[in-house]
Amino acid sequence: MNRYDTLFDILKSRHSCRAFKPDQVAREDIEAILLAAQRVPSWCNAQPWKVSVTSGDETERLREALGAAVTQGKPAPDIPFPEGYTGDHRERRRTCGWQLYEAVGVEKGDRAGSAREMMKNYSFFGAPHVAMITSGRELGSYGALDTGGFITAFTLAAEARGIATIAQAAPAAFSPALHDFFGLGEDRLALCVISFGYSDTAHPANGFRTARAPLDDWVDWRG
C-alpha cells in the first residue's frame, strides 16, 4: 500500500465515536498522538494550539463540572456558533442527526429522546480522556483555523494507533466552566474538546457512518 492509500484508509476508517470503553489509554500513545498532530502547518509557524489532557479521576471531575454548568448556566462560547444551517449544510446536518437517532432508537418527534442524546455531549460519551483544545485569542480566526488542522491531525493520528475520538464543539458553548476548570487565561479561546479512548464497537451509536458529497458538488473546476 502506498502512502496515499494508507492515508486515505485512515481517513475513511476514522469516525466520530459516541460510546467508549472505560479503559485508559497509555501515556506513550497519547504522547505519540500529540507529537504527530503538532506537525501540521500554521501561519508563520506560530503553533497557536495548547492542549490540556484529562485522565482517570480528572475526567470524572470535568464531567461533573460541565454537567453542573449545563444545568445551571447559559451558553457563552468564546467564539460565536454558526448563525444557521441552510441548503446543503442543513441537509447534511439533518441526515447525520437522523442516522444517529435511528441507530439508537430515537423516533421522529421524540424530543425527550433527542434531548437525552444531546446531553451525552456533556458527559463526553463516556470517554476516559478529554483533550481541551485552545488557541491564542490575539490570533483570532487564523489561529482558530490553524488549530483546526491540529484537531484533524490529532483524530487521524489516534485512528492510526487504534484509538477512537470525537471532536466536540458543544462543551465549548459553556466556555466559562472550561476556563475555570482548566485555569485558562483570557488570552486563550476555548475552541473544542476531543474526547478519546477505545471504541465500544458493540454500541449502536457507533454503528453508522456518514457519507461525503461527490467532488462536483463542491469543486469549481477551472481550465
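- Contacts of Phe124 classified as ring-ring contact (aromatic ring centres under 6.0 Å, His included), with partners at least two apart in sequence or in another chain: none.
- Rounding to the nearest 0.5 Å gives a distance of 9.5 Å between CD1 of Ile79 and OG of Ser175.
- Criterion: ILVMFWY side-chain heavy atoms under 4.5 Å apart, direct or through other members. Under it, Phe125 and Ile133 are not part of a common hydrophobic cluster.
- Residues passing the ring-ring contact (aromatic ring centres under 6.0 Å, His included) test with Tyr122, sequence neighbours excluded: Phe174.
- Under the 4.5 Å side-chain heavy-atom criterion for ILVMFWY residues, no single connected hydrophobic cluster contains both Val53 and Leu62.
- Residues that satisfy the side chain to side chain contact (heavy atoms under 4.5 Å, CB included) test with Asp23, not counting sequence neighbours, are Lys21, Tyr198.
- Residue Gly143 comes nearest to Pro48 through the heavy atom pair O-CG, 3.5 Å, listed as atom of the first residue, atom of the second, then distance.
- Under the 4.5 Å side-chain heavy-atom criterion for ILVMFWY residues, a single connected hydrophobic cluster contains both Leu178 and Val130.
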Side-chain donor-acceptor contacts of residues 155-167 below 3.5 Å, not counting sequence neighbours, with atom names and distances?
unit_1, atom_1, unit_2, atom_2, d
Thr155, OG1, Thr152, O, 2.7
Glu159, OE2, Ser13, OG, 3.0
Arg161, NE, Asp29, OD1, 2.9
Arg161, NH2, Asp29, OD1, 2.8

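- Under a hydrophobic clustering in which Ile, Leu, Val, Met, Phe, Trp and Tyr are joined whenever their side-chain heavy atoms come within less than 4.5 Å, directly or via other members, Val193 and Met119 fall into the same cluster.
- Applying the ring-ring contact (aromatic ring centres under 6.0 Å, His included) test to every pair with at least one member in residues 55-90, sequence neighbours left out, gives no pairs at all.
- Taken together through direct or relayed side-chain contacts under 4.5 Å among Ile, Leu, Val, Met, Phe, Trp and Tyr, Leu139 and Leu191 form parts of separate hydrophobic clusters.
- Between the OG atom in Ser135 and the CG atom in Asp187 there is a gap of 10.5 Å [rounded to 0.5 Å].
- For the atom pair Leu11 CG and Arg14 CZ, the distance stands at 8.0 Å (nearest 0.5 Å).
- Here Arg61 does not pair with Glu64 in a salt bridge; the nearest charged N to carboxylate O distance is not below 4.0 Å.
- Judged by distance alone, the side chain of Asn121 and the main-chain N or O of Gln168 form no donor-acceptor pair under 3.5 Å.
- The backbone N or O of Ala19 lies less than 3.5 Å from no partner atom in the side chain of Asp200, so there is not a single donor-acceptor pair.
- Thr134 and Ala190 get closest at one heavy-atom pair: CG2-CA, 4.2 Å.
- Every side chain to side chain contact (heavy atoms under 4.5 Å, CB included) that Asp217 has, sequence neighbours left out, goes to Ala213, Pro214.
- Under a 4.5 Å side-chain heavy-atom criterion applied to ILVMFWY residues, the cluster that includes Leu145 comprises Trp43, Tyr142 as well.
- With sequence neighbours excluded, no residue forms a ring-ring contact (aromatic ring centres under 6.0 Å, His included) with His179.
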Compile the donor-acceptor pairs under 3.5 Å between side chains in residues 94-105 and protein atoms, sequence neighbours left out, one pair per line.
unit_1, atom_1, unit_2, atom_2, d
Thr95, OG1, Glu91, O, 2.8
Gln99, NE2, Arg209, O, 3.0

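- Sorted by first then second residue, the ring-ring contact (aromatic ring centres under 6.0 Å, His included) pairs that include residues 46-78, not counting sequence neighbours, are Trp49-Phe150.
- Rounding to the nearest 0.5 angstrom, the gap separating the CZ atom in Arg18 from the OG atom in Ser195 is 11.0 Å.
- Every residue meeting the side chain to side chain contact (heavy atoms under 4.5 Å, CB included) condition with Asn2, not counting sequence neighbours, appears here in chain and number order: Tyr4, Asp5.
- Note that the CZ atom of Phe182 and the CZ atom of Arg188 stand 13.5 Å from one another [nearest 0.5 Å].
- Residue Ser42 comes nearest to Ala46 through the heavy atom pair OG-N, 3.3 Å, listed as atom of the first residue, atom of the second, then distance.
- Minimum heavy-atom separation, Gln24 to Pro128: NE2-CB, 3.5 Å.
- Rounding to the nearest 0.5 Å gives a distance of 10.0 Å between CZ of Arg92 and CZ of Arg212.
- Of all the heavy atoms in Val51 and Ala131, the pair that sits closest is CG1-CB, 3.9 Å.
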Exercise. Could you walk me through whether Asn206 and Thr201 pass side-chain contact (heavy atoms from CB on, under 4.5 Å), step by step?
Key: CA-CA 6 Å; Asn206 289 330; Thr201 56; 5.9 Å; no
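- When all heavy atoms of Leu66 and Pro171 are compared, the closest pair comes out as CD2-CB, 3.6 Å.
- Looking at residues two or more places apart in sequence or on another chain, you find no ring-ring contact (aromatic ring centres under 6.0 Å, His included) involving Phe20.
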